[in-house]
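Data first, discussion second: the structure below is written as structure tokens.
The basis for the numbers below is simple: all heavy atoms, side chains too, and nothing from hydrogens, waters or symmetry mates. Just follow the structure's listing: the first ligand is 1, and inside any ligand the first atom is 1.
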Amino acid sequence: MVRHARTCARDECCGLLLGRDGEIVEAVRARNIAGDPATRFLIDPIDHFAAIRTARARALDVVGFYHSHPHSAAEPSSRDVAEFDYPDSLYVIVSLRTEPADVRLFRFGSGNFQPVSFVTVA
Ligand SMILES: [Zn+2]
């Protein structure tokens with residue numbers, strides 16, 4: 001995820017998290033098709049469906065999503081809160097604002113993001 005975020009540099013990257021029983025097994029990249037990718041993300045539905053098929057083939061589920069904040073903190077933006085509508089999904093935000101990158105995990109519930117834990121990745 002951090003590598004993907006760095007690849008996208010100034011734009012937000014995005015992808016899906018595959019796993020089972022709340023455990024993340026793998027992160028799959030997706031294209032960001034937002035019109036203004038520097039400040040938001042919109043997962044390409046083709047990549048979303050491909051990830052669902054990949055998950056099924058491996059007896060996994062899509063358990064959540066990730067995206068990057070190239071210049072802001074690893075906290076959900078007000079837009080993230082407004083546009084997210086997958087209850088009980090896991091949600092990783094990679095912030096490149098600091099070096100090393102800050103990676104935080106949230107669970108979406110009760111209409112908002114609840115922090116689960118955070119980790120710093122070199
Ligand atoms: Zn965001």
Side-chain angles (χ1 to χ4, degrees):
M1 289 183 280
V2 173
R3 211 177 305 133
H4 189 196
R6 294 197 200 286
T7 302
C8 294
R10 292 173 191 283
D11 290 342
E12 294 194 5
C13 77
C14 58
L16 297 101
L17 305 172
L18 310 188
R20 67 168 80 81
D21 302 329
E23 182 189 11
I24 300 167
V25 175
E26 188 180 337
V28 180
R29 294 183 183 201
R31 280 165 292 201
N32 181 357
I33 59 167
D36 47 351
T39 55
R40 65 184 295 238
F41 75 99
L42 183 61
I43 292 174
D44 186 329
I46 293 169
D47 295 337
H48 195 157
F49 285 122
I52 291 170
R53 282 195 300 271
T54 300
R56 274 197 199 130
R58 298 178 51 196
L60 300 171
D61 296 309
V62 173
V63 296
F65 307 88
Y66 73 90
H67 74 286
S68 63
H69 284 175
H71 308 291
S72 58
E75 296 288 340
S77 66
S78 52
R79 192 177 238 169
D80 290 335
V81 175
E83 295 184 349
F84 202 70
D85 58 0
Y86 290 93
D88 298 324
S89 286
L90 295 171
Y91 199 92
V92 170
I93 299 178
V94 176
S95 170
L96 299 181
R97 189 177 67 165
T98 55
E99 186 63 47
D102 191 14
V103 181
R104 294 183 189 235
L105 175 64
F106 302 85
R107 182 182 294 280
F108 194 82
S110 306
N112 209 338
F113 293 89
Q114 317 294 334
V116 177
S117 62
F118 68 91
V119 62
T120 301
V121 180

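Atom CZ of F84 is separated from atom OH of Y91 by 5.5 Å, given to the nearest 0.5 angstrom. Atom CD1 in I93 sits 9.5 Å away from atom CZ in R104 (nearest 0.5 Å).
The closest approach of D80 to the Zn ion (ligand 1), by N/O/S atoms, is made by OD2. Within H69, the N/O/S atom positioned nearest the Zn ion (ligand 1) carries the name NE2.
Here E12 does not reach the Zn ion (ligand 1): none of its N/O/S atoms is less than 2.8 Å from the metal.
Evaluation of the side chain to side chain contact (heavy atoms under 4.5 Å, CB included) rule for D21 yields no partner, not counting sequence neighbours.
No side-chain heavy atom of V25 sits under 4.5 Å from any side-chain heavy atom of L18.
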